[in-house]
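For reference, the structure discussed in these notes is given below.
Order of the sequence lines sets the chain letters (A, B, ...), proteins ahead of strands, with each chain counted from 1.
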There are 2 protein chains.
Amino acid sequence: MVMARRSTDDPQVPHGSPSDGPRHRGKTGGGTGGGRRRLTAEDWAAAALAAIGEGGLAAVAVEPIATRLGTTKGSFYWHFANRDALVDAALERWEQLHTEAVIRTVEAEPDPERRLRGLFAHASAASAADPLEVSLLATAAEPRVAAALRRVTDRRVGYVAGLFAALGFPAAEARRRGLLAYTAYLGHTQLGHAVPESLPGGTDRDRYLDSVIDTLLCRG
Amino acid sequence: MVMARRSTDDPQVPHGSPSDGPRHRGKTGGGTGGGRRRLTAEDWAAAALAAIGEGGLAAVAVEPIATRLGTTKGSFYWHFANRDALVDAALERWEQLHTEAVIRTVEAEPDPERRLRGLFAHASAASAADPLEVSLLATAAEPRVAAALRRVTDRRVGYVAGLFAALGFPAAEARRRGLLAYTAYLGHTQLGHAVPESLPGGTDRDRYLDSVIDTLLCRG
DNA sequence: GTTTGACCGTACGGTAGCGTATGGTCATGG
DNA sequence: CCATGACCATACGCTACCGTACGGTCAAAC
């Protein structure tokens with residue numbers, strides 16, 4: 001009948017700010033940099049997100065992640081009530097880092113067509129290195145994953161459709177092209193991760209991306 | 001030191017033909033139709049493929065599948081050496097059923113543009129019902145899955161690029177558009193499975209597909 | 001300098017799945 | 001009518017992981 005001493009339900013953060021003071025140990029301090037510091041819930045969430053990228057949602061396993069963090073389950077069950085709470089934290093982290101942050105960056109560019117090209121370039125480069133989204137798409141059966149996917153998809157498709165609208169397409173057509181662009185991005189990510197040699201590499205890569213955008217902007 | 005009595009390495013089929021005579025039990029026969037018949041390796045492979053669709057590669061677990069087939073592990077380890085052999089069989093089955101068979105069907109249509117539209121319509125409908133490909137894409141880390149994906153991708157992209165070439169596009173441009181079309185298909189599959197409400201439904205669906213093909217065929 | 005509380009280590013029991021061993025059943029062939 | 005072999009059931013040991021219980025440690029508060 002003993003519950004976890006701190007659950008993630010109360011949204012306040014343990015210390016003052018994220019990635020706070022180290023609270024390092026006395027004698028074991030001074031390692032090579034990844035040394036023995038006390039962990040925060042955010043450290044666990046980041047590690048869980050990395051694990052999703054490498055092995056899918058099934059890789060969010062407490063004991064292996066604890067090993068990778070150089071700690072034990074005792075730490076985990078202090079910060080989280082159970083494995084599900086860790087999954088929730090990882091998903092929330094993903095929503096913030098991989099959608100809002102990217103849109104903020106792209107918004108710095110004033111010209112809509114350059115925003116679109118910049119977004120494609122960024123997305124193409126980022127997705128090639130990180131199989132995270134592929135893993136998440138594959139776990140849409142999990143309700144919490146599905147909810148996060150729905151929010152992220154709405155936000156992204158809406159943003160891209162807005163770009164096409166800003167480029168002069170009527171609303172319905174802008175929505176269609178935005179959806180086509182986003183599905184092409186998703187498929188591109190899949191291929192880049194599963195069969196990278198099927199995608200144009202080297203100098204062909206930029207030419208291919210330009211050609212895709214030209215096709216998507218083509219008025220016929 | 002005892003190995004499996006029949007491994008899948010010898011490619012011959014137990015009985016004369018696939019889905020052969022029932023060899024039903026004596027007293028327990030006469031069930032409702034899914035009754036107690038002896039199983040073949042193909043039955044196991046089909047069940048494993050269904051399991052991949054529902055729960056990813058991790059769902060290819062001997063005991064749960066045995067339960068679903070109404071049998072036990074004892075049957076499985078008669079037909080297969082181990083779990084890996086079952087995965088191989090399922091992948092081989094997927095390659096045959098979800099690529100070659102579809103292309104054969106589409107090839108019946110003489111006009112290339114109608115072939116393209118028919119292929120899109122078929123793929124869009126089939127993928128909405130079956131999350132199988134999503135699961136497979138997410139497991140590209142497994143070498144055997146990656147190999148199957150490479151073969152299937154090459155075949156499909158090559159076929160679609162051939163359609164664009166037949167429609168008059170020069171080879172390099174046909175390849176680019178074929179790749180774009182295939183990535184759009186993959187992304188469409190993802191969305192249809194993860195966030196179905198983000199895709200046009202009802203009567204908008206056909207309009208959307210037409211619009212996508214128009215965009216892909218647009219000469220600009 | 002003791003106390004407190006945040007944080008971690010470790011031992012334990014439970015479950016799911018893999019693979020093995022071995023015996024049971026039934027149809028066919030002699 | 002028994003022997004053979006294809007096919008299945010069951011019990012077993014092994015490993016990985018979940019979640020719990022509880023004791024240990026260290027820094028700050030007093």
Between [N] ([atom2]) and [X] ([atom1]): distance, integer Å:
X	N	atom1	atom2	result
A/Phe76	D/dC17	CZ	P	14 Å
A/Trp78	D/dT25	CH2	C1'	14 Å
B/Lys73	D/dC8	NZ	P	16 Å
B/Tyr77	C/dA21	OH	P	12 Å
A/Asn82	C/dG14	CG	P	20 Å
A/Leu69	C/dC7	CG	P	15 Å
B/Asp43	D/dC7	CG	C1'	13 Å

Sequence-distant partners of B/Ser75, side chain to side chain contact (heavy atoms under 4.5 Å, CB included), two or more places apart: B/Leu39, B/Trp44, B/Thr71, B/His79
When the side chains of residues 51-61 of chain B are checked against the rest of the protein, which donor-acceptor pairs come out under 3.5 Å, sequence neighbours left out?
from    : atom 1 : to      : atom 2 : distance (Å)
B/Glu54 : OE1    : B/Arg68 : NH1    : 2.8

For DNA chain C, which residues in residues 54-68 of chain B have a heavy atom at a distance below 4.0 Å? B/Val60, B/Ala61, B/Val62, B/Glu63, B/Pro64
The side chain of A/Leu39 lies closest to which of these nucleotides: C/dC8, D/dC7, D/dT10? C/dC8
Closest to the A/Arg38 side chain, choosing from C/dG9, C/dC7, D/dT20: C/dC7
With a 3.5 Å distance limit and no angle check, can you tell me whether A/Thr153 reaches the backbone of A/Arg150 through a side-chain donor-acceptor pair? no
So, B/Thr40 side chain and B/Asp43 main chain: donor-acceptor pair closer than 3.5 Å or not? yes
Within the structure, does a side-chain N or O atom of [X] lie under 4.0 Å from either OP1 or OP2 of [N]?
X	N	result
B/Arg83	C/dC18	yes
A/Ser75	C/dG9	no
B/His79	D/dA6	no

Taking only residues two or more places apart in sequence or in another chain, which ones pass ring-ring contact (aromatic ring centres under 6.0 Å, His included) with A/Tyr182? A/Tyr185
Listed by chain and number, what are the salt bridge (Lys or Arg N to Asp or Glu O under 4.0 Å) partners of A/Glu92, not counting sequence neighbours? none
Could you work out, with salt bridge (Lys or Arg N to Asp or Glu O under 4.0 Å) as the rule, every residue matching B/Arg144, not counting sequence neighbours? B/Asp84, B/Asp88
